[in-house]
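A quick write-up on the structure given underneath.
Keep in mind that the numbers below use all heavy atoms, side chains included, and drop hydrogens, waters and symmetry copies. No experiment lies behind these values; they were computed from the predicted model shown.
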Amino acid sequence: MSHSTHATLQPTGTPFGRFLSDGWVTTKRNLLKIKRVPDILVFTLIQPIMFVLLFTYVYGGVIDIPGSSYQEFLMAGIFAQTVVFGSTYSGSAMAQDLKDGIIDRFRTLPMNPSAVLVGRTNGDMFINAASMVVMMITGFIVGWRVRSSFFEALAAVALILLFAYSFSWVMAYVGMSVRSPEIINNVSFLILFPITFISNAFVPSNTLPGPLRAFAEWNPVSALVQTSRELFGNVPDAFPVGESWTAQNPLLTVLIGMAVMLAIFVPLSIRKFAAISSR
């Protein structure tokens, strides 16, 4: 009986059509999970508010940004840090699904193997978009202002979210590679703290000592922050720019970084998921 039932569960449609439809189904699954467990979204949105208030009122009085306010300098860094940290949800959720046996259930369904990963990373995109809205509102309250056009600001938001989406694939792969969900947070911090704090997100990179300054200038997060500041119109006049190629070409650096992350970790993640599912 079970054999005949399994035999009828055959995929239909073209491979690309199944990829799109199955990806949308798993995306809805993850969004419904957020609706059923609102604590996930609530605590995710509280964190960026805390970061904005902490850096603005604790460090804002001692960090001088010539030609601008620290609030305007800070916000692009807060945006980048928060969405990069938010992308770790893909890793922890994948690790938890593996532990709970959810992947084994998906394996019995006639679905595109990559659909689970697509749905998971799309769910991250939704959470990060909600975080961006909350952070922008909080930023306006504490004195941050957009000095550019509406479309330039919209481009900045889109670039930040796309970078976070690309990074979600990195963390999804990490989440499938660790042995338990408890480990993923420690692994994530080892990756995220250097690339977010050794950057120009919170202080100008030229104030850092030699080796850290070199790391910050070649850090793709710094390129993301610098490009976002330019698009938001938050770069002060005569603001020091590093001499490295990445510092001189931040937008191109971000685009290359996203392309590299997607080109490497999308196929790696799909292959890893297929290997896990076949066990």
Treating Ile, Leu, Val, Met, Phe, Trp and Tyr as nodes and any side-chain heavy-atom pair under 4.5 angstrom as an edge, say whether [X] and [Y] lie in one connected cluster.
| X | Y | answer |
| --- | --- | --- |
| Val52 | Val133 | no |
| Ile256 | Phe215 | yes |
| Leu154 | Phe140 | no |
| Met136 | Tyr57 | yes |
| Val157 | Leu231 | no |

Minimum heavy-atom separation for [X] and [Y], please, with both atom names.
| X | Y | answer |
| --- | --- | --- |
| Ser87 | Asp124 | O-OD2, 3.0 Å |
| Leu117 | Ala172 | CD2-CB, 4.4 Å |
| Gly233 | Arg147 | O-CB, 3.1 Å |
| Pro194 | Ile191 | CD-O, 3.4 Å |
| Ala80 | Val221 | CB-CG1, 4.4 Å |
| Ser199 | Leu208 | O-CD1, 4.2 Å |

Side chain to side chain contact (heavy atoms under 4.5 Å, CB included) evaluation trace for Glu217 with Ser222: CA-CA 6 Å; Glu217 288 188 356; Ser222 291; over 6 Å; no

Any [X] side-chain heavy atom under 4.5 Å of [Y] side chain:
| X | Y | value |
| --- | --- | --- |
| Arg271 | Leu268 | yes |
| Val235 | Gln226 | yes |
| Thr196 | Asn219 | no |
| Ile49 | Leu53 | yes |
| Pro209 | Leu212 | yes |
| Phe73 | Phe202 | no |
| Met135 | Thr138 | no |
| Glu230 | Pro250 | yes |

Whether Thr121 side chain and Val118 backbone form a donor-acceptor pair below 3.5 Å: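 At least one qualifying donor-acceptor pair exists.
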
Angle class for the [X]/[Y] ring planes (parallel below 30°, perpendicular above 60°, tilted otherwise)?
| X | Y | answer |
| --- | --- | --- |
| Tyr165 | Trp169 | perpendicular |
| Trp144 | Phe232 | perpendicular |
| Phe163 | Phe167 | parallel |

Atom [atom1] in [X], atom [atom2] in [Y]: separation rounded to 0.5 Å?
| X | Y | atom1 | atom2 | answer |
| --- | --- | --- | --- | --- |
| Leu159 | Ser228 | CG | OG | 5.5 Å |
| Ile264 | Ser166 | CD1 | OG | 11.5 Å |
| Ser131 | Ile78 | OG | CD1 | 12.0 Å |
| Asn122 | Ile127 | CG | CD1 | 11.5 Å |
| Phe265 | Leu262 | CZ | CG | 10.5 Å |

Any side-chain donor near an acceptor of the partner, Glu152 and Ser149, under 3.5 Å: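 The criterion, which ignores hydrogens and geometry beyond distance, is satisfied for Ser149 and Glu152.
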
Residues Asn200 and Ser205: side-chain donor-acceptor under 3.5 angstrom: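 Side chains of Asn200 and Ser205: no pair found under 3.5 Å.
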
With sequence neighbours excluded, residues passing side chain to side chain contact (heavy atoms under 4.5 Å, CB included) with Thr88: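 Checked Thr88 against side chain to side chain contact (heavy atoms under 4.5 Å, CB included); matches are Met171, Ser188, Leu192.
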
Partners meeting side chain to side chain contact (heavy atoms under 4.5 Å, CB included) with Thr246 (sequence neighbours left out):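 For Thr246 the side chain to side chain contact (heavy atoms under 4.5 Å, CB included) partners, ignoring immediate neighbours, are Trp218, Ser244, Thr253.
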
Those residues that, when tested against Phe51, pass ring-ring contact (aromatic ring centres under 6.0 Å, His included) (two or more places apart):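 Phe51 satisfies ring-ring contact (aromatic ring centres under 6.0 Å, His included) with no other residue.
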
Working for salt bridge (Lys or Arg N to Asp or Glu O under 4.0 Å), residues Glu72 and Arg229: CA-CA 8 Å; Glu72 294 196 358; Arg229 285 192 182 118; over 6 Å; no

Verdict with reasoning, Gln71 to Leu74, per side chain to side chain contact (heavy atoms under 4.5 Å, CB included): CA-CA 5 Å; Gln71 289 92 328; Leu74 170 71; 5.7 Å; no

Candidate pair Met176 and Ser269, rule side chain to side chain contact (heavy atoms under 4.5 Å, CB included), full reasoning: CA-CA 8 Å; Met176 291 184 289; Ser269 299; 3.9 Å; yes

Evaluation steps, side chain to side chain contact (heavy atoms under 4.5 Å, CB included), between Arg145 and Asn234: CA-CA 8 Å; Arg145 295 295 182 268; Asn234 294 151; 5.8 Å; no

